[in-house]
Amino acid sequence: MTDRSDAGSGVDFIAAGDGCRIAYRMDGPKSGPCLLLSHSLGTTMDMWAPQIETFSRDYRVLRYDSRGHGASAVPVGAYSMDRLGRDVIELLDELGIGSAAFCGLSLGGMVGQWLAWRVPERIECLVVANSSSYLGPPRDWDARIATVRADGMAALAGPVLQRWFTPAFRESHEQTIAPVRAMLLNTDAQGYAGCCAAIRDMDQRRLGALISVPTLVIGGEADPATPPDHATRLAFAIPGARLAMLEAAHLSNVEQSTRFNVLVAGFLAERKEPSASVGRII
């Protein structure tokens, strides 16, 4: 069921299968093919602001707040990658969208991997940015969950922002980073912890071989959260995947927005000719 109670802001809502309210919005021509964007842990759909102008020229851009984040509801307890993936399927179902191109960063890229091997008929092509198929060890995520539950998001903000952006970018782009910092600080601690549990329990290392859709993997050369070797392993695990590395830390779509947009837009334009992009490394 779709709830348009906040339609004046451009944000609408659906109820997922378990009743969780999921916020979403759409931009771009109504007749355009659908491009679905999925954000990172600790941000919202607004993380994609640097991409909307470019992507919405040719695509009907659908973005959403993951459960526990932004305007979406915050269920108690731990979440799972299965549940995060089903949220996307149910969003597409509610909107009557049979299939879409998918671009996800970090947590969003993990969801994208799940969708691509679990329901490949719903994913036309896949972009996985600054992500991983396994991000252990679990004890590190348990420690992060304990910290955020005890001390709130402010306790994590400094270290997280250091992983998200290179020192040079933090020093020279304070105005760009400010809204990202606000997204992080405004994230509900329970929602953040719930998604941390989904990452903690995720292991898709043996499932990349099942992904048959055209795939672009983007990594950050200075990414300490999902280091370059994670991008390389992903690209080699997914048959025919294309790999591109950017001079950025974790939020490459913000730090290298122009280059990110060019890469993704070019890949999407080639999706009807997948052989043109197979195996190329940038």
Side-chain angles (χ1 to χ4, degrees), residues 1-28 30 34-49 51-52 55-56 59-116 118-119 121-124 126-129 131 153 180 182-184 186-199 201-202 253:
M1 178 177 179
T2 304
D3 172 8
R4 298 187 180 277
S5 59
D6 198 20
S9 68
V11 176
D12 294 325
F13 302 88
I14 67 152
D18 64 349
C20 179
R21 194 168 85 150
I22 302 296
Y24 74 93
R25 70 169 291 162
M26 303 185 80
D27 299 275
K30 292 183 179 180
C34 183
L35 170 60
L36 176 56
L37 303 179
S38 185
H39 64 79
S40 72
L41 176 69
T43 65
T44 72
M45 68 175 84
D46 290 336
M47 183 198 83
W48 296 109
Q51 280 67 57
I52 298 305
F55 293 169
S56 64
Y59 294 89
R60 186 66 168 162
V61 179
L62 169 60
R63 47 187 166 142
Y64 71 102
D65 287 337
S66 296
R67 64 173 54 214
H69 289 66
S72 291
V74 185
V76 298
Y79 309 157
S80 69
M81 203 56 60
D82 284 355
R83 181 63 261 177
L84 297 178
R86 289 201 303 274
D87 287 344
V88 175
I89 296 171
E90 290 161 7
L91 174 62
L92 292 174
D93 286 346
E94 183 65 31
L95 298 177
I97 300 171
S99 62
F102 186 99
C103 176
L105 188 145
S106 191
L107 173 60
M110 298 169 193
V111 173
Q113 293 171 64
W114 186 94
L115 291 165
R118 184 69 178 81
V119 286
E121 70 277 8
R122 308 304 295 270
I123 305 299
E124 297 170 6
L126 175 66
V127 179
V128 179
S131 193
M153 295 301 299
V180 180
M183 289 181 222
L184 178 64
N186 290 329
T187 300
D188 187 282
Q190 162 55 43
Y192 187 89
C195 284
C196 283
I199 298 173
D201 299 336
M202 175 200 69
N253 74 301

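Position 1 is the first residue of the sequence, and the numbers go up from there. As a basis for the values below, the full set of heavy atoms in this structure was taken, side chains included, without hydrogen atoms, waters or symmetry mates.
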Do any pairs count as a ring pair (Phe, Tyr, Trp, His ring centres under 6.0 Å) and have a residue in residues 83-112, sequence neighbours left out, and if so which ones? none
Side-chain donor-acceptor contact under 3.5 Å, Ser72 with Tyr64: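 Distance-only check fails for Ser72 and Tyr64.
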Can you list the residues that meet the salt bridge (charged side-chain N to carboxylate O under 4.0 Å, His left out) rule with Asp82, with sequence neighbours excluded? none
Of all heavy-atom pairs between [X] and [Y], which one has the smallest distance, and what is that distance?
| X | Y | answer |
| --- | --- | --- |
| Ala71 | Arg21 | O-NH2, 4.3 Å |
| Met47 | Met183 | N-CE, 3.6 Å |
| Gly85 | Val111 | CA-CG1, 4.1 Å |
| Leu84 | Ala198 | CD1-CB, 3.9 Å |

More than 12 heavy atoms of other residues, nucleotides or ligands under 6.0 Å from CZ of Arg83: is that the case? yes
Lys/Arg N to Asp/Glu carboxylate O, [X] vs [Y], below 4.0 Å:
| X | Y | answer |
| --- | --- | --- |
| Asp27 | Arg63 | yes |
| Asp46 | Arg25 | no |
| Asp18 | Arg67 | yes |

Can you check whether Gly68's main-chain N or O pairs, donor with acceptor, with Gln190's side chain at less than 3.5 Å? no
